[in-house]
Amino acid sequence: MDDPFDLSDPPPPGRAPAAPAPAAPVEAPYLVGLNDSQRDAVEATEGPVLMLAGAGTGKTRALTTRLAHILVLGKARPWEMLAVTFTNKAAREMQNRVADLLGRPVEGWWVGTFHALGARIIRKHAEAVGLKPNFTILDADDQQRLVKQLLEAAGVDEKRWPPRTVLGVIQRWKDRGLTPEKVTDAEGSEVADGQALELYGQYQQRLKTLNAADFGDLLLLCLEIFQKQPEILKQYQQKFRYILVDEYQDTNVAQYLWLRLLAQGQQNICCVGDDDQSIYSWRGAEIGNILRFDEDFPGARVIRLERNYRSTPHILGAASGLIANNEGRLGKTLFTEEGNGEGERVRVIGVWDGEEEARTVGDEIEVLHSKGHALNQIAVLVRAGFQTREFEERLITLGIPYRVVGGARFYERLEIRDAIAYLRVIVQPDDDLAFERIVNVPSRGIGKVTLQTIHMAARAEGVSLTAAVRSLLETDELKPKMRNALGNLLEDFDRWRRQMDVLDHVDLAETVLDESGYTEKWQRDKSPEAPGRLENLKEMMVALGEFENLGGFLEHVSLVMDNEDNTNDDMVSLMTLHGAKGLEFDTVFLPGWEEGLFPHQLALDDAGLNGLEEERRLAYVGLTRARRRACVSYAANRRIYGQWQSALPSRFINELPPDHIDASVQPGLYGGTAGSGLEEEQAYFGNGASRAFKRRRAQPMIEATWRTADSGAGGGDFSPGQRVFHQKFGYGRIKSIDGSKLEIAFEKAGTKKVMAGFVEAV
DNA sequence: AGGTTAGTAATTTTT
DNA sequence: TTACTAACCT
């Protein structure tokens with residue numbers, strides 16, 4: 001992941017300027033076969049354009065052709081183009097398809113995810129925002145641990161305010177482009193005993209100390225750079241002459257601001273999206289961004305892609321009828337090519353319980369399979385992950401191969417995260433979160449108490465944990481056993497760091513895992529998953545080998561968390577509706593359409609009508625994944641968390657236009673009337689609405705590990721001869737001072753070296 | 001310091 | 001129901 005060119009934009013050496021064709025021929029080959037609106041979208045290169053692309057309307061084709069077109073016309077050289085996506089997969093596809101269109105790879109253009117591009121910009125100007133260029137990008141787990149530490153220090157009850165909740169609040173602020181200074185006091189007042197805003201500030205402070213940024217920062221810090229240093233912004237503005245944004249309906253405020261700053265002046269920005277497929281508001285996506293586009297970019301052209309190449313008229317009719325129940329849409333009228341017949345109606349099946357639903361779907365799949373239907377053209381799309389289980393069990397029974405898409409990702413596995421933590425500490429000694437993760441893995445006898453001591457020392461001196469350990473080693477604060485263990489560990493670190501220059505990075509990683517005893521830990525482990533973990537570690541080494549250095553690998557790990565998809569294997573796909581966005585299958589099963597599950601009760605609780613509309617969009621996304629067959633189902637009874645619950649058919653079922661569906665209900669459900677209504681008195685999925693905002697009396701302050709030491713960094717407050725008190729050694733008199741380390745003659749414990757932060761004057 | 005047990009909570013998750 | 005965490009015991 002090197003950066004072959006810098007901001008000043010010299011053409012990549014040895015490469016001819018992207019041969020600008022002498023005016024595009026009237027009918028360039030790549031334009032053949034586009035429909036009128038697609039062609040419109042390709043040729044409207046100047047000024048702001050909103051490409052409203054409905055499901056299955058050939059969006060990617062239009063968008064990649066547009067990019068190729070700009071290059072062919074010579075309107076921009078590759079490095080003057082910026083193409084932003086949400087996923088690495090989408091970025092990769094864009095790159096490949098543009099290359100296909102042009103018949104050669106395009107090099108040097110900025111194509112990638114918001115986060116990857118943000119990271120790239122920040123690394124270049126890191127000092128401007130108080131980071132070193134080698135800053136760490138924290139993952140979700142790191143972030144949560146950090147918040148947890150802050151909550152503990154602030155004495156917030158973690159039962160009431162779980163770290164993930166508080167982290168969520170901080171992230172939503174970041175999504176909105178709000179730094180701690182910009183959040184209004186009132187906003188955090190309900191969260192974490194009113195300390196949310198303060199915690200946010202501390203969180204950011206910690207990140208700086210750790211030389212780290214989280215995902216939100218990858219955009220926020222860009223904004224900060226652009227604001228603080230307008231000349232840098234200007235360079236980028238001049239550089240990027242054509243900007244293209246995919247999945248615009250999923251952008252959050254920070255991303256919107258980022259784009260708007262970059263597009264200023266030039267305004268050749270093309271945003272592609274579909275308001276009806278906005279399903280990530282809970283992650284900060286602002287559907288308003290796409291709805292407001294023509295206000296934000298005056299004179300914008302809106303081009304609608306409405307001709308659907310994917311689904312049958314019945315499927316499209318059902319989906320369109322459903323989504324028509326939403327308000328505040330930009331509105332599109334999807335249509336299909338005529339002449340292919342109408343296809344099958346969308347089937348709607350009501351059954352007794354979840355097990356029967358799984359059995360029914362399984363049987364259907366079996367029939368399709370026996371007719372020669374490819375399994376990888378069949379998907380079961382569920383609302384929530386736990387729903388896949390019943391289908392898995394059924395498919396196993398039937399002997400039908402399947403894969404669960406999504407789920408645990410490679411780099412999130414315990415052993416991989418541990419291994420990476422070792423590498424992180426080596427590359428970036430200030431990375432406390434990584435240090436903490438592996439300081440006692442494998443077990444070195446360093447427990448809670450020792451770690452606490454290290455934390456206090458770090459806090460007192462305002463340094464990283466590694467540095468604090470270094471200081472502590474020169475004192476008598478630690479028990480000899482600990483001092484020995486930590487001393488060895490630090491020696492190891494130092495040695496590995498030295499080897500970074502001489503050893504190949506794969507060899508180094510192997511050395512580290514070997515000498516640290518980490519590999520051995522799993523070799524000795526007798527649990528059934530241990531061999532798999534060792535396999536994964538080997539696998540990681542292979543991945544590591546594909547990078548030039550450790551830094552590149554770590555960047556990849558942070559930013560490219562996607563699963564490899566083996567779409568080639570003939571297997572049924574089980575996945576969530578969210579996971580299915582952007583995919584298509586001949587046959588799609590949509591189980592669990594029940595009130596409370598879909599729409600999900602929590603979505604309604606949290607976001608009311610907006611929540612309902614987003615659930616409806618999710619249903620729309622589900623239906624429009626199907627090319628030829630869609631089958632919706634619901635169960636009258638379902639076991640959730642071991643409890644049987646009865647449920648009514650989803651209101652979405654009633655919203656499907658009768659002309660496009662074919663409903664069959666198992667006799668005996670709901671006293672014989674199917675989907676007859678949604679009586680309000682039913683309270684499904686029990687637990688009340690406002691769990692998130694319950695409060696409790698303030699907790700007594702936890703003995704502050706961090707709070708105490710804020711004042712006195714260094715040994716400056718002490719002088720020789722002074723009488724002091726130490727928690728462990730009692731009273732004594734200072735003999736000499738060496739920086740933050742004091743030599744003290746204790747009355748009971750004898751003469752010891754201790755950290756200044758651990759003693760108080762008496 | 002590490003293992004055991006009891007209590008609790010439980011969507012969606014492109015980076 | 002399961003899975004994870006925090007206090008608790010050894």
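A, B, ... follow the sequence lines: proteins, then strands. Residue 1 opens every chain. Just so it is clear, the structure is predicted and the values come from calculations on it, not from any experiment.
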Candidate nucleotides [options], ranked by approach to the side chain of [X] - the nearest:
X        : options                : answer
A:Ser443 : B:dT15, C:dA6, B:dG2   : B:dG2
A:Arg389 : B:dT15, C:dT2, B:dT11  : C:dT2
A:Lys148 : B:dT14, C:dT5, B:dT13  : C:dT5
A:Arg283 : B:dG2, B:dT15, B:dT14  : B:dT14
A:His578 : B:dT11, B:dT15, B:dT13 : B:dT13
A:Phe86  : B:dT15, B:dT14, B:dT11 : B:dT14

_Under a 3.5 Å cutoff, is there a donor and acceptor pairing between the side chains of A:Gln428 and A:Asp431?_
no

*Give a yes-or-no answer on whether the side chains of A:Glu436 and A:Gln149 include a donor-acceptor pair shorter than 3.5 Å.*
yes

[N] OP1/OP2 closer than 4.0 Å to side-chain N/O of [X]:
X        : N      : result
A:Asn252 : B:dT15 : no
A:Ser558 : B:dT15 : no
A:Asn88  : B:dT15 : yes

Rounded to whole angstrom units, what separation is found between the [atom1] atom of [X] and the [atom2] atom of [N]?
X        : N      : atom1 : atom2 : answer
A:Leu618 : B:dT14 : CG    : C1'   : 14 Å
A:Gln143 : B:dT13 : CD    : C1'   : 12 Å
A:Arg164 : B:dA10 : CZ    : P     : 7 Å
A:Gln149 : C:dT5  : CD    : C1'   : 16 Å
A:Leu151 : C:dT5  : CG    : P     : 15 Å
A:Leu559 : B:dT13 : CG    : C1'   : 16 Å
A:Arg639 : C:dT2  : CZ    : P     : 9 Å
A:Lys448 : C:dC9  : NZ    : C1'   : 13 Å

*Tell me which of A:Ala603 and A:Met482 sits closer to the 5' end of DNA chain B, going by the nucleotide each one is nearest to.*
A:Met482

*asked:* Under 6.0 Å between ring centres: does that hold for A:Tyr256 and A:Trp258?
replied: no

*Stacking check A:Tyr641 vs B:dA9 (5.5 Å / 30 deg)*: no

*Do A:Trp282 and the base of B:dT12 stack face to face, with centres under 5.5 Å apart and an angle between planes under 30°?*
yes

*hbond_proxy A:Arg383 side chain to B:dT12 base (donor-acceptor, 3.5 Å cutoff)*: yes

*Is the base of B:dT12 syn or anti, where syn means the angle lies within 90° of 0?*
anti

*Determine the minimum heavy-atom distance between A:Ile323 and A:Tyr620, stating which atoms define it.*
CB-CD1, 3.6 Å

*Is it true that A:Glu93 and A:Lys89 make a salt bridge, defined as a side-chain N closer than 4.0 Å to a carboxylate O?*
no

*A:Phe114 near the nucleic acid: base, sugar-phosphate alone, or nothing, with a heavy-atom cut-off under 4.0 Å?*
nothing

*Contact class for A:Gly582 (heavy atom, under 4.0 Å): base, sugar-phosphate, or nothing?*
nothing

*Does CD in A:Gln727 sit with more than 12 non-hydrogen atoms of other residues, nucleotides or ligands closer than 6.0 Å?*
no

